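Notes follow once the structure below has been shown.
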Amino acid sequence: MTSILVLNGPNINLLGTRQPEVYGTTTLAQIEESCHQTAAELGCEIAFRQSNHEGTMIDEIHAARGVHAGIVLNAGAYTHTSIALMDAIASVELPAIELHLSNVHAREPFRHVSYISKVSIGIICGFGPAGYPLALRAMADHLGAAV
Ligand code: DQA
C-alpha cells in the first residue's frame, strides 16, 4: 500500500495553545487523527511525525526513501532558514508538498522566503488544520497520476 510521510517541524507540537490567534486551537493529535481518516479514505498509509530538531527531521527524510512514496512537510520556521532540509528533500528524490497552517505570504517578510518551495511539487498554506487532508489528497492525486 502506498505510504506518505507527514513530517512536522519545530513548535508544531504546541498547536492548540501556541498563538491561537494565528494557528487556531486544534491540537497536533487532532490533526494526526484527521490525517489517518483521510488516508483511510484514500486507501493509503501515513506515518505522522514531529520533531523540534533539524537533524532529526533530516534523518526522517533520509529514512523515507524506499519506505514512503511522498512527503508532506510542515517544516515550521526551518522552512525559512534550512538549506539542509532543502538538500535532504532533493537528495531522496521523493515528491514533497510544502504545508503551512497560516498564510505565510500574508505575514512577516522573513516568512515569504522558503527553501522548501524550491524542492516541492506544490504548496498549501493558509487553510489551518484543513491543509493537512488537502495536502494528502494532493499527494495521492500526484502519485496516482505518476504511475
Ligand atoms: C508555519 C509557518 C512558519 O512560518 C512558522 O515558523 C511555523 C508554522 C505554519 O504552519 O503556518 O512554525 O509553518
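Computed from a predicted structure; not experimentally measured.
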Mind telling me whether F48 and Y132 have parallel, tilted or perpendicular rings, with 30° and 60° as the class edges?
-> tilted
For L101 and N74, the nearest pair of non-hydrogen atoms, with its separation, is CD1-ND2, 3.8 Å
Run the side-chain hydrogen bond (donor to acceptor under 3.5 Å, both in side chains) check on S114 and E98 step by step: do they pass?
-> CA-CA 9 Å; S114 170; E98 177 182 344; 3.0 Å; yes
Please confirm whether the backbone N or O of V113 pairs with a side-chain atom of H80, one donor and one acceptor, at under 3.5 Å?
-> yes
Provide the closest heavy-atom pair for L5 versus A64 in the form atom of the first, atom of the second, distance.
-> CD2-CB, 4.0 Å
Any L99 side-chain heavy atom under 4.5 Å of C125 side chain | no
Side chains of I4 and L143 in contact at under 4.5 Å (non-hydrogen atoms) = yes
Sequence neighbours left out, what passes salt bridge (Lys or Arg N to Asp or Glu O under 4.0 Å) with R49? Give chain and number order.
-> E60
Judged by atom type as modelled, is there a donor-acceptor pair below 3.5 Å linking the side chain of S120 to the main-chain atoms of I123?
-> no
Contact check, side chains of Y115 and T79, non-hydrogen atoms, under 4.5 Å = no
May I ask you to decide if G76's main-chain N or O and N11's side chain share a donor-acceptor pair within less than 3.5 Å?
-> no
Compute whether any side-chain donor of one residue and acceptor of the other, for N52 and Q50, lie under 3.5 angstrom apart.
-> yes
Is any NZ, NE, NH1 or NH2 atom of the basic residue among R65 and E93 found under 4.0 Å from an Asp or Glu carboxylate oxygen of the other?
-> no
Please tell me if the side chains of Q30 and P129 come closer than 4.5 Å, counting only heavy atoms from C-beta onward.
-> no
Donor-acceptor under 3.5 Å (T17 side chain, L14 main chain) = yes
Taking H112 for the side chain and R107 for the main chain, is one N or O donor matched with an acceptor at less than 3.5 Å?
-> yes
